[in-house]
Amino acid sequence: MLDVARELLGAVVVCADVAVRLSEVEAYAGGRDPASHAFRGKTPRNEVMFGPPGHLYVYFTYGMHFCMNLVVGRDGHASAVLLRAGAVVAGVETVAQRRPGAVPRDFARGPARLTTTLGVDRRLNGVDVTSARSALHVRRGAAVPDELVRWGPRVGVSTAQEVPWRCWVDADPTVSPYRPHVPKKRRHV
DNA sequence: CGGCTGATTGCCT
DNA sequence: GGCAATCAGCCGA
């Protein structure tokens with residue numbers, strides 16, 4: 001699961017004429033992970049997570065935002081990787097119309113911004129991202145070298161803050177700025 | 001520039 | 001009924 005997350009850095013998400021190269025993702029480990037939507041078992045909302053890998057899990061949150069996950073791991077295991085941020089590499093004109101006033105660096109800088117930029121909503125829940133014929137699919141991109149991959153705690157979760165299951169590309173300006181639980185400096189205790 | 005908060009729907013207990 | 005894998009805008013410094 002963590003290896004899949006790491007491999008997704010640099011991959012390119014394609015939806016219609018817009019494409020985004022991923023710079024930040026976050027792993028969720030299915031039923032035994034208290035921060036996972038699958039923790040309390042299968043429900044109508046999260047049922048895609050319990051299906052085969054390679055499919056998209058789109059959910060609605062905070063009354064106004066969509067976020068997208070890639071289902072990974074074994075069928076039924078319900079592991080998933082939250083796609084958090086990336087750089088727009090195609091369709092900049094389309095995105096500029098969708099996000100008037102935003103600067104390119106911020107187009108997909110955060111999970112909800114990423115879905116807005118790509119035009120993703122619940123209609124894409126469950127699509128097979130491994131097929132180039134799907135409305136949304138994922139292509140391999142230029143590999144990110146190991147020395148540029150950084151790991152840290154997940155964002156916005158109230159439980160299991162200790163597991164470093166978020167990974168991102170070091171020094172990439174499109175990585176999301178929201179890191180509420182990451183102390184910038186470690187004071188000696 | 002960094003920190004805080006209101007917005008607003010749907011899901012789960 | 002409570003709260004969420006967030007974001008934009010506003011505040012003060």
Side-chain angles (χ1 to χ4, degrees), chain A residues 1-2 4-6 8-9 13 20 22-51 53 55-73 77-88 95-126 129 136 138 150-168 173-187:
Chain A
M1 176 190 72
L2 295 180
V4 180
R6 185 249 177 280
L8 280 170
L9 292 180
V13 182
V20 172
L22 297 176
S23 63
E24 181 185 9
V25 301
E26 206 166 77
Y28 288 86
R32 57 177 190 285
D33 177 4
S36 169
H37 284 179
F39 183 59
R40 298 193 201 334
K42 187 171 168 182
T43 68
R45 175 214 209 184
N46 66 20
E47 73 174 317
V48 171
M49 292 181 83
F50 289 83
H55 289 250
L56 196 69
Y57 166 47
V58 179
Y59 69 91
F60 184 70
T61 190
Y62 290 105
M64 59 189 88
H65 297 304
F66 289 102
C67 294
M68 58 195 290
N69 291 246
L70 209 49
V71 178
V72 302
H77 189 250
S79 294
V81 175
L82 171 68
L83 309 185
R84 288 194 55 89
V88 174
V95 177
Q97 290 173 9
R98 278 178 190 157
R99 307 185 55 84
V103 299
R105 164 180 299 188
D106 292 338
F107 281 168
R109 198 180 186 209
R113 292 169 174 177
L114 174 65
T115 57
T116 301
T117 280
L118 286 167
V120 169
D121 61 25
R122 72 176 84 251
R123 289 173 303 178
L124 291 177
N125 189 39
V129 305
L136 182 149
V138 178
R150 311 260 299 171
W151 293 87
R154 296 178 289 189
V155 174
V157 301
S158 53
T159 56
Q161 291 171 9
E162 70 283 0
V163 291
W165 286 353
R166 178 170 58 97
C167 65
W168 66 94
T174 65
V175 169
S176 75
Y178 302 107
R179 294 171 199 171
H181 296 293
V182 184
K184 285 178 174 143
K185 287 180 183 172
R186 183 76 179 235
R187 289 188 78 92

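By convention in this document, chain letters (A, B, ...) are assigned in the order of the sequence lines, proteins followed by strands, and residues within each chain are numbered from 1.
One C1' atom belongs to C/dC3, the other to B/dT5, and the distance between them is 16 Å to the nearest Å.
Contact annotation: the side chain of A/Leu124 never approaches that of A/Met68 to less than 4.5 Å [non-hydrogen atoms, C-beta and beyond]. Inter-residue side-chain proximity for A/Arg84 and A/Leu114 is flagged as unmet; no heavy-atom pair is nearer than 4.5 Å.
Among residues two or more places apart in sequence or in another chain, the salt bridge (charged side-chain N to carboxylate O under 4.0 Å, His left out) test is passed with A/Arg123 by A/Asp121. Under the side-chain contact (heavy atoms from CB on, under 4.5 Å) criterion, A/Ser79 pairs with A/Met1, A/Val72, A/His77, not counting sequence neighbours. For A/Pro53, there are no side-chain contact (heavy atoms from CB on, under 4.5 Å) partners two or more places apart in sequence or in a different chain. Partners of A/Thr117 according to the side-chain contact (heavy atoms from CB on, under 4.5 Å) rule, which considers only residues two or more places apart in sequence or in another chain, are A/Val18, A/Val20, A/Val88, A/Val95, A/Arg99, A/Phe107. In this structure, A/Asn125 has no side-chain hydrogen bond (donor to acceptor under 3.5 Å, both in side chains) partners at least two apart in sequence or on a different chain. Take A/Arg40 and apply the salt bridge (charged side-chain N to carboxylate O under 4.0 Å, His left out) test, not counting sequence neighbours, and it matches no residue.
A/Phe66 places its CZ atom 10 Å from the P atom of B/dC11, with the value rounded to the nearest Å. The CG atom of A/Asn125 sits 11 Å away from the P atom of B/dC11 (whole-angstrom rounding). One can place CZ of A/Arg40 at 8 Å from C1' of B/dT13, the figure rounded to the nearest angstrom. Summarising the geometry, the separation between CZ on A/Arg84 and C1' on C/dC7 is reported as 12 Å, rounded to the nearest angstrom. B/dC11 atom C1' lies 15 Å from atom CE of A/Met49, rounded to whole Å. Atom CG in A/Asp106 sits roughly 12 Å away from atom P in C/dG9 (whole-Å rounding). Rounded to an integer number of Å, the gap from A/Tyr57 OH to C/dA4 C1' is 11 Å. Following rounding to the nearest Å, A/Arg45 (CZ) and B/dT9 (C1') show an atom-to-atom distance of 11 Å.
Under 4.0 angstrom from either OP1 or OP2 of C/dA8 there lies at least one side-chain N or O belonging to A/Arg113. Taking only side-chain nitrogens and oxygens, A/Arg166 never comes nearer than 4.0 Å to OP1 or OP2 of C/dA5.
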Could you pull out the protein-nucleic contacts involving nucleotides 4-8 of chain B (nitrogen or oxygen on both sides, under 3.5 Å)?
from  : atom 1 : to      : atom 2 : distance (Å)
B/dT8 : O2     : A/Tyr62 : O      : 2.5

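When distances run from any side-chain atom of A/Arg122 to the nucleotides C/dA5, B/dC12, B/dG10, the shortest one goes to B/dG10.
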Can you give the donor-acceptor pairs under 3.5 Å from side chains of residues 57-66 of chain A to other protein atoms, not counting sequence neighbours?
from    : atom 1 : to      : atom 2 : distance (Å)
A/Tyr57 : OH     : A/His37 : ND1    : 2.9

Under the rule of Watson-Crick or G-U wobble with both distances under 3.5 Å, where | means paired to another strand and [ ] a crossing pair, DNA chain C maps to ||||.|||||||.
